[in-house]
Each structure stands twice: as structure tokens, then as C-alpha cells.
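The next block holds one structure in the form of C-alpha cells; read it before the comments.
Each chain gets a letter, A, B and so on, in the order the sequences are listed, and its residues count up from 1.
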Amino acid sequence: MLDLRWIRENVEYVRRKMAERGVDVGLDEFLEKDALRRSLLQEVEALKHRRNELTRQIGRLKQTGQDPTDLLQENQRISARIEELDARVAELDAWVEAWLLRVPNIPHESVPVGPDASHNIEVRRWGEIPSFAFPVRDHVDLGRFLGILDLERAAKIAAARFPLFKGRGARLVRALAQFMLDLHIREHGYQEVWVPYLVNRTTMTGTGQLPKFEADLYAVPSDDLFLIPTAEVPVTNLFREETLSESELPIRLVCWSPCFRREAGAYGQESKGLIRQHQFDKVELVHITTPERSYDDLEVLTHHAEAVLQRLGIPYRVMLLCTGDMGFAAAKTYDIEAWLPSQQRWLEVSSCSNCGDFQARRMGLRYRPAGGGKARYAHTLNGSGLAIGRTIVVLLENYQQADGSVLIPPALRPYLDGLEYLTPGA
RNA sequence: GGAGAGGUGUCCGAGCGGUCGAAGGAGCACGGCUGGAAACCGUGUACCCGCCGCAAGGCGGGUCGUGGGUUCAAAUCCCACCCUCUCCGCCA
């Protein structure tokens, strides 16, 4: 959420930045409502001031045994008017609050301007795109051939687009998670957390999923809870409504969790097999840091995510997203895209964002600066390190052999009892 | 699910319906002391909103889990809800 007063003082800047994102937030209606709200507020506050005076005088009169009738009458009159005005102000307050919650973050100055993904900028590339001397199979074929994937039965017990891993496939999910967690904990200094997968409305609002994207979420109406679409939600909200001390920062947390997304209306090649599922595991990285270092931390976090692909030896590129392609809460985002041989294209396996103080303001997450003084909003960052379902997709495809078996990269073998190849059966 | 206790500032913790934005302590900041530090002494230290001001700041409104209610007046009384703890029940 943006700061109300800051918007008022930077209307044209906000207008331009929202246009760069390609969204119309209805700034003019906001300005109108806001102005009306403030003028009513001044009126009602003056009346409340008078009422407070009267209250004090009435108390004094009563204590000295005098008759307060006149003052009581004025008080009654004023109170009726206050009630009226209060109701109107409350209505406008609610409108402004609701409006604020639906305005996306302001893109950082270093973010390229553009309407869609075609304007994203490739900032670096790692690894060799593999060439195959045989017809390439996609991960669905490979999974079926190896007997590790059974999407038909998953659909039977749940619905289309739910995953089911069997045998070595199930083991692979666990191995990848363990491998990623160990890397981030041992070498990148993260603390692991294990969190609730259902969260409440306030939590979803804190990170920005609500109120605008309720339709994307699985909900449990009987308890007004929602299934998390990413561990970013519970993990970033860990310190909601808290004031941390600067000496505690940066906080770096890693969390392995399932993610649940409704993904309504996404079909076709783009979302084949495991590429777009209603449920997938992900190892998520979250930083809570200071405004001074958050953009440096975004580079650090992105490199932490890249390290996973480097260890696995999977080629990737890092894309700086343009204004039109960024998520709601992000001020700046790098996507990491791994090579997808079956479609001869890049597939997003991680998205690393600096949300600045956007989420922190929504959730009241502050820190007290080292030199003392007023509490300030922290900056929050998050990134996948990595999405496990898609990592399996690119792992299977990049490491496939002519006979349909799949080579296991050495870094992963310790997590699979030294297994070198995935082969049919077992 | 049932019974009881409780939710107050960065934290802990007091608080006869008006004199309470709130005692006291810790922490933190600044100053003193010191070669430097610890200890010690002094001072300061909640948040949100509006108005005025270049600013420092000033004035006003509001906030003691949340939302209602009683009252001229509520942190203090009443109701509902949420959360935490203890006990009972159920249970992986």
C-alpha cells in the first residue's frame, strides 16, 4: 500500500507510474473523495473539540452542585451532528482504505518501462543450452515412461491440474526440497521456518493477495481461511504488527511449503503437464531488511536462487521484468528462467522481488533505527529458491538420455542414495 | 466443544467512571562520569489522522485485543466476537 499523504503530494508522479504499469486506479475519484473526507473531518473535529470542553464544564458544575442543563442541551445538539458527520467520514474512510488496498506498488526507477513481457530485459545467462542427437521428449512423456508421474490418477482423486508423484518421483520432490534447503541454510545463512498453510484474511491482505485477488485463492469459507499460494504469505507476515530492532536486520528466512493456486483459465502448451498446477512445492526465500540496503539485497537474494540451478547444472537466464509485467506488490522483480528443451524456450522457475515498504505498510512491519528515533517501515523481499515442480520439469528434460533415462546431477545424488540415473521401474 | 484466567506503550507491568496517553521498571537515545568501557547519575523516549508552518514545531481529533452499548464523561461498567494461557473432553 502506498502512503496516503505521499500520494496527495505526488499525484502526477503516481499517475505516470500507474500508467507505466498499464493500470488505471482512478486517481481523480480518489482525490475527490479524499478532499471531501478531509473537509468533513475538520468540521467534525471542531465539534468534538467543543464537546470535550462541554464535558469538562459539565463535570465541574455537577461537582459544585450547579445546574448544567444548558450545557447538556448544547451537548446533545452537537452530538447529534457529530454522529451524522462521523458516519459520513467513516464511509469515506472505508472507501479510501479499500482504494488504497487495490493500488499496486510504484515501480522502482531502475525498472524498464513496457506494456508486457516482451519488454523485459535479459540481464545475464548461465550454462550451455543442451543439444540432443535424438528426438527430445517432454517431461510428461519422460515422467510416464519412468513411472514417476501419474496425472490421470491425480485428476481422479482431486481434479485436473493436481500432481501425483510416485516412487522415485516422490523421492525426487523430497530430495530437491532437502537439497535447496541445505544450500540456503548452510551456505547462504538462512533460518528455516515451517509455517501454517492456511492463513487468515488479515495475513493475505498484508502481502497483497487480498482484497484484489481473492478469486485466485483456494478458500475455506467455514473458517474464513485461505490456502497459501506461496510461503511468502505466512513467512513475510511473521513479523506483522511488530517493531523490530535494526540490529535484528536483515532477517533471512527459508521455507519449504506446498503452494495452492486456482489458476483459472490457464491452458495450452504454456501450462502443459507440471508447468502450471493447482498444487506444487516451493522453497521460498524471504528477506526483511532496511530501505538503505533492500536493492542490494535483491541482487543477493537473486544470486541465492541462481545458485540452485548452477549446482544442478541447468542453464538459465535472468530477466529484469518491465513495469507492465510485474506483480502487484513488487517494486522490482527478477525472474529466473530455466531452459525447457521440449518447447525450445525459457521457463520461469523463480521470481525474486523487492516489495520496498509496500507490504510492510500494509502489515505494520517496522523497525527501530540503530541510532534511535522514530520507527520506520522495513523493506520486504521474496523469491523462489526454487519452485520444485518446475525444477523437476527442467531437470527431467535437460538431463534426458537417448534411452529415456534421466541423469541425476551429482549435487543431487547424496539426497537419492547416490542414484545416478532415473530408469523405468523401481 | 465445555469451565476458568487474561489481553495496556519497543518489552515487562500498575491503573477508585472524570484530575490517564496512561505509575513503576527494562530497553533504547542523548549528556555527565571514565584513558576507554561496565556500573552509576541526569534528561528524553507510543501510534494514527487533520489543520497551520520551508522547517523545528504548534494546535486539534482519535487510539489501552476488535466491534457495539450505557453515561454529560469509559483503559476502567455492560454485550458480542477474536486471540493467549490453565483444566476437562476429543484426537494424528
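Taking 4.0 Å as the cut-off between side-chain N and carboxylate O, A:Glu29 and A:Lys33 count as a salt-bridged pair. At a threshold of 4.0 Å, the pair A:Glu20-A:Lys17 counts as salt-bridged, since one of the basic side-chain nitrogens sits closer than that to a carboxylate oxygen. Between A:Arg144 and A:Glu152 there is a salt bridge, since a side-chain N of the basic residue sits under 4.0 Å from a carboxylate O of the acidic one. Of the charged side-chain nitrogens involved, at least one lies within less than 4.0 Å of a carboxylate oxygen, so that A:Asp28 and A:Arg15 count as a salt-bridged pair.
Across the protein-nucleic acid pair, A:Arg368 atom CZ and B:U45 atom C1' stand 8 Å apart, rounded to whole Å.
Distance noted for atom P between B:G18 and B:A73: 14 Å (whole Å). Across B:G17 and B:G25, the matching P atoms stand 26 Å from one another, rounded to whole Å. Taking atom P on both B:C64 and B:G7, the two are 14 Å apart, rounded to the nearest angstrom. Taking atom C1' on both B:G35 and B:G42, the two are 23 Å apart, rounded to the nearest angstrom. Rounded to whole Å, the separation between the C1' atoms of B:C20 and B:C85 comes to 29 Å. As rounded to the nearest Å, B:C40 and B:G58 have P atoms that lie 32 Å from one another. With both ends at atom C1', the span from B:U8 to B:A75 equals 7 Å, rounded to whole Å.
In terms of phosphate contacts, A:Arg5 brings no side-chain nitrogen or oxygen within less than 4.0 Å of OP1 or OP2 of B:C51. The shortest distance between the side-chain N/O atoms of A:His49 and the OP1/OP2 oxygens of B:G61 is below 4.0 Å. A:Asn75 has no side-chain polar atom (N or O) that falls below the 4.0 Å cut-off from OP1 or OP2 of B:U71.
When Watson-Crick and G-U wobble pairs are counted only if both distances are under 3.5 Å, B:C91 pairs with no nucleotide at all. The base-pairing partner of B:C16, taking Watson-Crick or G-U wobble contacts with both distances under 3.5 Å, does not exist among the strands shown. Pair check for B:G36 finds none; no Watson-Crick or G-U wobble contact set falls under 3.5 Å. With both pairing distances under 3.5 Å, B:G53 is matched to nothing as a Watson-Crick or G-U wobble pair. Applying the Watson-Crick and G-U wobble criteria (two distances, each under 3.5 Å), B:C64 pairs with nothing in any strand. Pairing partner, B:G21: none, since no Watson-Crick or wobble contact has both distances short of 3.5 Å. Judged by Watson-Crick or G-U wobble contacts below 3.5 Å, the nucleotide B:A26 has B:U10 as its partner. The partner of B:C77 is B:G69, judged by Watson-Crick or G-U wobble contacts that both fall below 3.5 Å.
Residue A:Arg38 has its side chain nearest to B:C51 when only B:C47, B:G61, B:C51 are considered. Of the listed nucleotides (B:C72, B:C47, B:G50), B:C47 has the atom at the smallest distance from the side chain of A:Lys374.
Between A:Asn200 and A:Thr203, the side chains place a donor N or O and an acceptor N or O closer than 3.5 Å (distance only, hydrogens not considered).
Aromatic pair A:Phe358/A:Phe328: centroids less than 6.0 angstrom apart.
At a cut-off of 3.5 angstrom, counting only N and O atoms as typed in the model, there is no donor on one side facing an acceptor on the other between the side-chain of A:Gln42 and the base of B:G50.
If you check every strand for non-hydrogen atoms under 4.0 Å, A:Asn52 touches sugar and phosphate atoms only. Across all strands, A:Arg201 comes closer than 4.0 Å to no nucleic acid atom at all (heavy-atom distances). Across all strands, A:Arg60 comes closer than 4.0 Å to no nucleic acid atom at all (heavy-atom distances). Note on A:Thr55: a base of the nucleic acid sits closer than 4.0 angstrom, heavy atoms only. Residue A:Arg8 is classed as a sugar-phosphate contact, given heavy-atom separations below 4.0 Å to backbone atoms only.
Nearest-nucleotide positions on RNA chain B place A:Ala375 closer to the 5' end than the other of A:Ala375 and A:Arg56.
Using the six-membered ring where Trp is involved, A:Phe162 and A:Tyr218 have ring planes that are tilted, between 30° and 60° apart.
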